[in-house]
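For reference, the structure discussed in these notes is given below.
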Amino acid sequence: MATINFGGVDENVVTREEFPLEKAREVMKGETIAVIGYGVQGPGQSLNLRDNGFNVIVGQRKGKTWEKAVSDGWTPGETLFEIEEACRRATVVQYLLSDAAQIELWPTVKKHLTAGKALYFSHGFAITYKERTSIVPPAGVDVILVAPKGSGTSLRRMFLQGRGLNSSYAIWQDATGRAKERVVALGIGVGSGYLFETTFQKEVYSDLTGERGTLMGAIQGLLLAQYEVLRENGHSPSEAFNETVEELTQSLMPLFAENGMDWMYANCSTTAQRGALDWMTPFHDATRPVFEKLYREVACGNEAQRSIDSNSRPDYREKLNRELAALRDSEMWRTGAVVRKLRPENS
């Protein structure tokens, strides 16, 4: 473990240089990793582990997602099993179902968590809000977390490019004395760029805030507000979308990701610099109270309960699909679909 200074604060991180893949494979030698769920994180993590030389099986209910696993090269009866059978065979259970599905299937999974096994999460939700989820692991198992800071699709794509997606890691219960080496080895195995230390609680608090904030909720609200103002003032859909989304995602975000916002400010026109510096504070002051309220709602459990209640309703999927359709069919994103088709790489 290395201590690295981030903006004046020392943090403990693990890099692939100090904990190489060969060491990770050695730590996990003789272990069977069962990736339970093949939805958001399951494909990327399981395929990366497999390609990195770990002994991996997948547990998934039969249906459309089962068929996707088969198309990805998992063999029924050899590396692909029903969830209960995969849990029985595993020494490490990577519990990568949705939060609602984790609650539903917990009794099935729990009975196969015998002493010495490890229960692995990529989200701190189930454990942090255990009074609400009723997910309480047995005393004899390691309970660990590796949370890639991005989607499973990004994790896999970056792995295939020879890159790594940074991940946080945490230990909630060390029953075997091997939890630390297990969690780090698995973090390296799934394709992490580097691993930074956290807790289950901090992971879920930051994750729920981020999803509702700058990763999805806030950014959609901000983009839509600017698009609407431009349209209401006579700008065409194409112009409004290009100024709101296309320039941001195709031109500026790659540079922002590579060099940072400070570099962006230093390398734009003086007119852009002046305006960005002047308007940064009003936007900060307007949104800071919203983020403070959001964090309070996450920390007190209200956001978790809303998610549990909503996702547990029989008509949840139907209502969700209606909401997603409304987003997809909005003028801004219908315009976006046309703009994407007109990009040179698609012509």
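Atom set for the values below is all heavy atoms of this structure, side chains included, hydrogens, waters and symmetry mates excluded.
Separating the CG atom in Leu252 from the SG atom in Cys268 is a distance of 9.0 Å, to the nearest 0.5 Å. In this structure, Ile127 CD1 and Phe125 CZ are separated by 12.0 Å, a value rounded to the nearest 0.5 Å. Taking CD of Gln305 as the reference point, atom CD of Glu297 lies at 12.0 Å (rounded to 0.5 Å). Separating the CZ atom in Arg132 from the CD1 atom in Ile103 is a distance of 11.0 Å, to the nearest 0.5 Å. Atom CD of Glu303 is separated from atom OH of Tyr205 by 12.5 Å, given to the nearest 0.5 angstrom. Distance check: Leu255 CG to Met264 CE gives 5.5 Å after rounding to the nearest 0.5 Å.
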Could you walk me through whether Leu80 and Val58 pass side chain to side chain contact (heavy atoms under 4.5 Å, CB included), step by step?
-> CA-CA 5 Å; Leu80 176 61; Val58 170; 3.7 Å; yes
Pair Ile4-Glu11, side chain to side chain contact (heavy atoms under 4.5 Å, CB included): steps then yes or no | CA-CA 5 Å; Ile4 296 180; Glu11 294 188 38; 5.9 Å; no
Take Arg61 and Ile83 through the side chain to side chain contact (heavy atoms under 4.5 Å, CB included) test and state the conclusion after the steps.
-> CA-CA 6 Å; Arg61 287 179 286 197; Ile83 288 174; 3.9 Å; yes
Using the side chain to side chain donor-acceptor pair (under 3.5 Å) rule, take Glu84 and Thr108 through it: C-alpha gap first, then chi angles, then the decisive distance, then the call.
-> CA-CA 6 Å; Glu84 186 162 5; Thr108 298; 5.1 Å; no
Given side chain to side chain contact (heavy atoms under 4.5 Å, CB included), test Tyr194 with Arg16 step by step and report yes or no.
-> CA-CA 7 Å; Tyr194 73 82; Arg16 290 190 282 189; over 6 Å; no
Stepwise salt bridge (Lys or Arg N to Asp or Glu O under 4.0 Å) check, Glu85 with Arg88 | CA-CA 5 Å; Glu85 178 62 16; Arg88 187 187 68 79; 2.6 Å; yes
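Although no hydrogens or angles enter the test, the distance criterion places a donor-acceptor pair under 3.5 Å between the side chain of Gln102 and the main chain of Tyr95. A donor-acceptor contact shorter than 3.5 Å is absent between the side chain of Ser310 and the backbone of Arg306. Checked by atom type and distance alone, the side chain of Tyr227 never pairs as donor or acceptor with a backbone atom of Ala240 at under 3.5 Å. Judged by distance alone, with hydrogens and angles left aside, the side-chain atoms of Thr335 form a donor-acceptor pair with the main-chain N or O of Glu331 at under 3.5 Å. A donor-acceptor pair is defined here as one N or O able to donate and one able to accept, closer than 3.5 Å; such a pair exists between the side chain of Lys117 and the backbone of Cys87. No side-chain donor-acceptor contact under 3.5 Å links Arg212 to the backbone of Met216. Side-chain N or O atoms of Gln60 include one that pairs as donor or acceptor with a backbone N or O of Tyr38 at under 3.5 Å. One N or O on the side chain of Asn52 and one on the backbone of Gly189 form a donor-acceptor pair closer than 3.5 Å. Judged purely by atom type and a 3.5 angstrom limit, Glu247 has no side-chain atom pairing as donor or acceptor with the backbone of Asn242. Distance alone, capped at 3.5 Å, is enough to place a donor-acceptor pair between the Glu18 side chain and the Thr15 backbone.
Note on Met28 and Val35: same hydrophobic cluster, where clusters join Ile, Leu, Val, Met, Phe, Trp and Tyr whose side-chain heavy atoms are under 4.5 Å apart, directly or indirectly. When the side chains of ILVMFWY residues are joined at heavy-atom separations under 4.5 Å, either directly or via intervening members, Leu186 and Leu97 end up in two distinct hydrophobic clusters. Hydrophobic clustering keeps Val298 apart from Leu215 (ILVMFWY residues linked when any side-chain heavy atoms are closer than 4.5 Å, directly or through intermediates). Linking Ile, Leu, Val, Met, Phe, Trp and Tyr whenever their side-chain heavy atoms come within less than 4.5 Å leaves Leu119 and Ile33 in two separate clusters. No continuous path of ILVMFWY side-chain contacts below 4.5 Å connects Leu96 to Leu105, so the two sit in separate hydrophobic clusters.
The two atoms that bring Val141 and Pro137 nearest to each other are CG2-CB, 4.3 Å, heavy atoms only. Considering all non-hydrogen atoms of both residues, Val136 and Trp106 come closest at O-CZ2, 3.5 Å. Shown here for Gly187 and Leu195, the closest heavy-atom pair between the two residues is CA-CD2, 3.9 Å. Considering every non-hydrogen atom in both Tyr120 and Gln45, the closest pair reads OH-OE1, 2.6 Å. Across every non-hydrogen atom of Asn311 and Ala100, the tightest pair is CB-CB, 3.6 Å. Heavy-atom minimum distance, Ala147 versus Ser122: CB-O, 3.5 Å.
For Arg156 and Asp51, the salt-bridge test passes: some basic side-chain N is under 4.0 Å from an acidic carboxylate O. Ionic pairing of Lys319 and Glu323 is not present here: no N-O contact between side-chain nitrogen and carboxylate oxygen is shorter than 4.0 angstrom. Using a cutoff of 4.0 Å between basic side-chain nitrogens and carboxylate oxygens, Lys68 and Asp72 are scored as salt-bridged. Note on Lys23 versus Glu26: no salt bridge recorded, every NZ/NE/NH1/NH2 to OD/OE distance being 4.0 Å or above.
With contacts defined as side-chain heavy-atom distances shorter than 4.5 Å, the pair Lys293/Arg296 qualifies. Inter-residue side-chain proximity for Trp66 and Val70 is flagged as met; some heavy-atom pair is nearer than 4.5 Å.
The aromatic ring centroids of Phe291 and Tyr295 lie 6.0 Å or more from each other.
Within 6.0 Å of the CZ atom in Arg157, the count of heavy atoms belonging to other residues, nucleotides or ligands does not exceed 12. Within a 6.0 Å radius of CZ in Arg288, other residues, nucleotides and ligands contribute 12 heavy atoms or fewer. When the shell of 6.0 Å around NZ of Lys130 is examined, it contains more than 12 heavy atoms from other residues, nucleotides or ligands. Heavy atoms from other residues, nucleotides or ligands lying under 6.0 Å from OH of Tyr316 number more than 12. Atom CZ of Arg89 has more than 12 neighbouring heavy atoms from other residues, nucleotides or ligands inside a 6.0 Å radius.
With no hydrogens or angles considered, no side-chain donor-acceptor pair links Tyr129 and Asp99 at under 3.5 Å. Defined by atom type and a distance below 3.5 Å, a donor-acceptor pair is missing between the side-chain atoms of Glu203 and Thr198. Looking only at atom types and distance, the side chain of Thr176 has a donor-acceptor partner in the side chain of Asp142 under 3.5 Å away. Looking only at atom types and distance, the side chain of Thr91 has a donor-acceptor partner in the side chain of Glu31 under 3.5 Å away.
Applying the side chain to side chain contact (heavy atoms under 4.5 Å, CB included) test between Ser168 and each of Val13, Thr199, Leu145 identifies Leu145 as the sole match.
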